[in-house]
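Numbering of ligands and ligand atoms starts at 1, following listing order.
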Amino acid sequence: MTHLRLDDRFARELPELAVRWKAEEAPDPRLLVLNEPLATELGVNADWLRTPDGVRLLVGNSVPTGATPVAQAYAGHQFGGFAPRLGDGRALLLGEFVGEDGRLRDLHLKGSGHTPFARAGDGLAAVGPMLREYLVSEAMHALGIPTTRSLAVVATGRRVQRETVLDGAVLARVASSHLRVGSFQYAAATGDRDLLRRLADHAIARHHPQAAEAPHPYLGLFEAVVSAQARLIARWMLVGFVHGVMNTDNMTISGETIDYGPCAFMDVYDPETVFSSIDMWGRYAYGNQPAVATWNLARFAEALLPLLADDLDEAVGMAEAALGAFARQYETAFTAGMRAKLGLSAADEAAAAPLLDELPKLLVDNHIDYTSFFRDLGRAARGDAEPVRGLFVDLAGFDAWLNRWRELAPDGAAMDRVNPVYIPRNHLVEEALTAAAGGDLAPFDRLLSAVTGPFDERPGLQRYAEPAPEEFGRYRTFCGT
Ligand code: AMP
Ligand code: MG
């Protein structure tokens, strides 16, 4: 297929949440990166996407047949404070389409110009942050973590004023939808119960069809989202991913990771790790993510209350009982994942438990690089314990742990299938983006190729597996760029 045929299901079913809008014309569009494997998966001809017509579509200069681009309305709690009207300030939903696999997906543009939701923002995005989202989202996908995908980044030829003047870009994003907790908060705040019901029905049909069969479909929807988010956050925690801005408008109903702003991977293990320059109090620190997800889901439950029961106390009781499942499901997913990272099977559950409990303190006390630790531990499972022992200062303490772990006969090959060797390390991301800003995309392409094959150690990529050099210092990321 060359020409993408887009549906306008969201705009049709939920017109109150959709403002028809057009992208700002990009004066000089230039394709920077195209995700050919994703294009193929979607059934879109990658060669056509590279043509001037294809690039015009990817940057928003032309609207595909049948499409009704809209800016989506949503609300959200940002750092705990409620903002009743956020919405797509610099993004558009072009429409939905069915991929080769029969799944329905959104095609969405980010950085496509200001919309009625832009408030004080300019509606634009710079090349660096859009390449950053592309890189990190594709790394997450390669790690097997549910996420929105990146189809392309197109430089617009427009200048964007930030601290300095930068080159503008548009990211073409693919997602199973862009429904957020904030979408429900917006619908609930209108007081229009019919709209809220239509939104919930739309979400059930698209993401959690089994809820339609439940005795109470809207409670079923809530339970399904709780469960999807519990599994998602466990996956983040297992790879050391810090989202950085877990506002309720950045939490999906599908259970996909969305909105790669100030996110970064933790290097040295520390639950208090925060990278975002605006997260002054560490609300979205690595170790707080499960608690914050629970808090966000409580806001989701509040929005759903009118659909749960006519009696408020009854509705609250139902929501509280369902939310209680988060902690259990998170713990189950995290513990099983951590056992797998240690090369142990479910049969080792009882023996593994104290090892799992003691590990965080060992990692914190010895300032251990989280990703290197598990990969080096895999070598220890195969008989070479020196690399992992070399990471520790308190060797006696670690050896005691190591010996007990070895008695369980961990499977080193299985460990290498779940413990990445290449992640988007902060210093490598910065290096790649700095080069890209100067017009050299080669470092970006090399890093992308490393992190999209995260488990296969390859010759010549050693520096992509190493922690940042000392002089890189403390890393800071910036939001809303
Ligand atoms: P975020 O937390 O980055 O997902 O964005 C929060 C809100 O700010 C959303 O409503 C965005 O659409 C909006 N926003 C972020 N950056 C801009 C921008 N440069 N122009 C207009 N709106 C923006
Ligand atoms: Mg957002």
Side-chain angles (χ1 to χ4, degrees), residues 17-19 21-24 26 60 69-94 106 108-134 136-137 140 147-148 150 156 158-171 173 175 177-187 189 242-254 256-264 274-280 283-284 289 292-293 296 299-300 477-481:
L17 305 183
V19 178
W21 204 253
K22 263 187 65 190
E24 242 166 67
V70 295
Q72 292 179 295
Y74 50 84
H77 276 88
Q78 300 185 304
F79 290 89
F82 186 61
R85 187 183 152 94
L86 290 170
D88 290 333
R90 55 164 172 175
L92 290 177
L93 171 65
L94 285 185
D106 280 2
H108 174 104
L109 302 179
K110 184 166 173 178
S112 50
H114 78 98
T115 76
F117 299 107
R119 293 166 290 151
D122 59 6
L124 304 176
V127 166
M130 294 305 99
L131 287 177
R132 194 166 191 284
E133 169 154 348
Y134 186 110
V136 183
S137 64
M140 292 286 273
T147 176
T148 62
S150 296
T156 57
R158 210 187 281 120
R159 309 293 271 168
V160 179
Q161 181 67 49
R162 292 291 179 264
E163 276 176 14
T164 57
V165 176
L166 302 169
D167 292 327
V170 168
L171 169 77
R173 179 159 85 178
S177 89
H178 284 77
L179 301 179
R180 309 140 190 270
V181 167
S183 314
F184 282 81
Q185 292 181 289
Y186 184 93
V242 185
H243 182 282
V245 59
M246 287 177 72
N247 294 331
T248 57
D249 52 305
N250 292 336
M251 183 183 242
T252 59
I253 300 306
S254 64
E256 288 177 346
T257 312
I258 197 170
D259 271 358
Y260 293 85
C263 65
V274 176
F275 295 109
S276 170
S277 58
I278 61 167
D279 190 359
M280 250 90 75
R283 178 181 174 91
Y284 300 139
Q289 296 184 121
V292 167
N296 287 350
R299 306 290 79 76
F300 181 39
T477 56
F478 301 90
C479 216
T481 44

Can you find an N/O atom of Asp88 closer than 3.5 Å to an N/O atom of ligand 1? no
Find all atoms of ligand 1 within a distance of less than 4.0 Å from any non-hydrogen atom belonging to Gln78, and give their numbers and elements. 6 (C)
Side chain to side chain donor-acceptor pair (under 3.5 Å) contacts touching residues 115-132 (sequence neighbours left out): Asp122-Arg162, Arg132-Tyr475
Below 4.0 angstrom from a heavy atom of Asn250, which ligand 1 atoms are there? Numbered from 1 as shown, please. 2 (O), 4 (O)
One finds that the ligand 1 atoms under 4.0 Å from a non-hydrogen atom of Gly121 are 20 (N), 21 (C)
Please check whether Phe117 reaches ligand 1 - meaning an N/O of the residue sits under 3.5 Å from an N/O of the ligand, judged on distance alone. no
Once you restrict to heavy atoms under 4.0 Å, what part of Arg162 touches ligand 1? Side chain, backbone, both or neither. side chain
So Phe184 and Phe300, would you call those rings parallel, tilted or perpendicular, with 30° and 60° as cut-offs? perpendicular
Report, in ascending order of atom number, the atoms of ligand 1 lying under 4.0 Å from any heavy atom of Asp259. 4 (O)
Here the atoms of ligand 1 under 4.0 Å from any heavy atom belonging to Ala118 are 21 (C), 22 (N)
Structural part of Arg119 in contact with ligand 1, heavy atom criterion under 4.0 angstrom: side chain
Given that the side chain starts at C-beta and the backbone is N, CA, C, O, which of these parts of Leu86 lies under 4.0 Å from ligand 1, counting heavy atoms, or is it both or neither? both
Which of the numbered atoms in ligand 1 are below 4.0 angstrom from a heavy atom of Gly123? 18 (C), 19 (N), 20 (N), 21 (C)
Please work out whether the ring planes of His77 and Phe82 are parallel, tilted or perpendicular, with thresholds of 30° and 60°. tilted
Shortest non-hydrogen contact from Glu256 to Thr252? O-OG1, 2.6 Å
Can you find a heavy atom in the side chain of His108 that is under 4.5 Å from one in the side chain of Asp88? yes
Of Arg299, Gln78, Gln185, Arg180, which is the lone residue that meets side chain to side chain donor-acceptor pair (under 3.5 Å) with Thr248? Gln185
If you consider just the N/O/S atoms, which atom of Asp259 is the closest one to the Mg ion (ligand 2)? OD2
So that I know where these two stand, are Tyr284 and Phe79 an aromatic pair - ring centroids less than 6.0 Å apart? yes
Would you check if the Mg ion (ligand 2) lies under 2.8 Å from any N, O or S atom of Asn250? yes
Begin from the C-alpha positions of Glu24 and Val170 and carry the test side-chain contact (heavy atoms from CB on, under 4.5 Å) through to its verdict. CA-CA 11 Å; Glu24 242 166 67; Val170 168; over 6 Å; no
With only distance considered, is Gly87 within less than 3.5 Å of ligand 1 through an N or O on each side? yes
Does Ser150 form a side chain to side chain donor-acceptor pair (under 3.5 Å) with Tyr260? I'd like the steps, not just the answer. CA-CA 11 Å; Ser150 296; Tyr260 293 85; over 6 Å; no
